[in-house]
Amino acid sequence: MPAPGFDLSGRLALVTGSSRGLGWGFAQALAEAGASVILHGRDAAALEARARSLAERGTPAAGTLRFDVTDGPAVAKAFAQLREAHGRLDILVNNAGTTVRKPVLETTDDDWQRVIDADLTACFRLSREALRLMVPQRRGRIIMISSIMGHLARPTIPAYIAAKTGLHGLVRALAVEFAKHGITVNAIAPGYFPTEANQPVRDDPTLNDWVVSSTPMGRWGEPAELGGAVVFLAGEASSYVTGTVITVDGGFTASL
Ligand code: GCO
Ligand code: CA
């Protein structure tokens, strides 16, 4: 039984990019706290497998949605479907994202745009759709999955850094405009976690050593170590928290 304030029973959540990686971890944490979770991704087989896994644990998914977050009409259609099926949404976790790792001088306009579209513009678009459902409810939680690269930088990920830094601005912009509607908007900034997207970082000995030696805890994070932050931001426990970023990074940003 989750502690009061952390009990999400009766709440409906949508987690983008939840068929794998950190998104799957967020979906499991919310489901364990009692939320009904709509899984989202682009791979039908992966979504089905995740939905089965939630059902086997006694926390069945509220549904699955397949769409490309960078495709405006597809997002509008998916939200129309969601409205039709559920008529509401309590929690949106904007987790889906991408990256391109190239030096600045090799980064094309296309590379830049692809990352900005997925990591920043899509978060605005999905939040706007969610807010249309949340405002009449007079309640809602929007949680952006940012990165410590929204606070810091390392070479070769310029668009990612710009998008995540922009996302922190978007959190503040939405927080101040929707506070009066009972809606909070916050971000979680993870440090280094061993996802598929981060496999190239793990496989590069120099980069992997840099991650471990830059993290005071001396190790990569475990995806489950992000669960507490998402449940906190999704629940009543965080009722007076809006427009801010919770960093979960083993001390990375605190360290020189
Ligand atoms: C990289 C990584 C990072 C991490 C993470 C760190 O290339 O350095 O992809 O961007 O994914 O977001 O916070
Ligand atoms: Ca439930």
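Here the structure is a predicted model, which means the values were calculated and not measured. Counting starts at 1 for both ligands and their atoms, following the listed order.
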Inset, instruction - Identify, by atom number and element, the atoms of ligand 1 in contact range of Arg154, meaning under 4.0 Å from any of its heavy atoms. - result: 1 (C), 7 (O), 8 (O)

Legend entry - Ligand-side contact atoms (ligand 1) for residue partner Tyr160, heavy atom cut-off under 4.0 Å: 5 (C), 10 (O), 11 (O), 12 (O)

Legend entry - CE-NE2 distance between Met134 and His181, expressed to the nearest 0.5 angstrom: 13.0 Å

If only atom types and distance count, is the side chain of [X] paired as donor or acceptor with the main-chain N or O of [Y] below 3.5 Å?
X: Thr16; Y: Asn95; answer: yes
X: Glu225; Y: Glu222; answer: yes
X: Asn198; Y: Val201; answer: no
X: Lys164; Y: Ile145; answer: yes
X: His40; Y: Phe67; answer: yes
X: Ser147; Y: Ala189; answer: no

Legend entry - Thr99 to ligand 1, any heavy atom closer than 4.0 Å: no

Residue-level breakdown please: for [X] versus ligand 1, do any non-hydrogen atoms fall below 4.0 Å on the side chain, on the backbone, on both, or on neither?
X: Pro190; value: backbone
X: Val201; value: side chain
X: Lys164; value: neither

For [atom], which protein heavy atom lies nearest, and how many Å away is it?
atom: atom 13 (O) of ligand 1; result: Ser147 OG, 2.7 Å
atom: atom 2 (C) of ligand 1; result: Asn198 OD1, 3.2 Å
atom: atom 9 (O) of ligand 1; result: Arg101 NH2, 2.7 Å

Legend entry - N or O pair under 3.5 Å between Ile157 and ligand 1: no

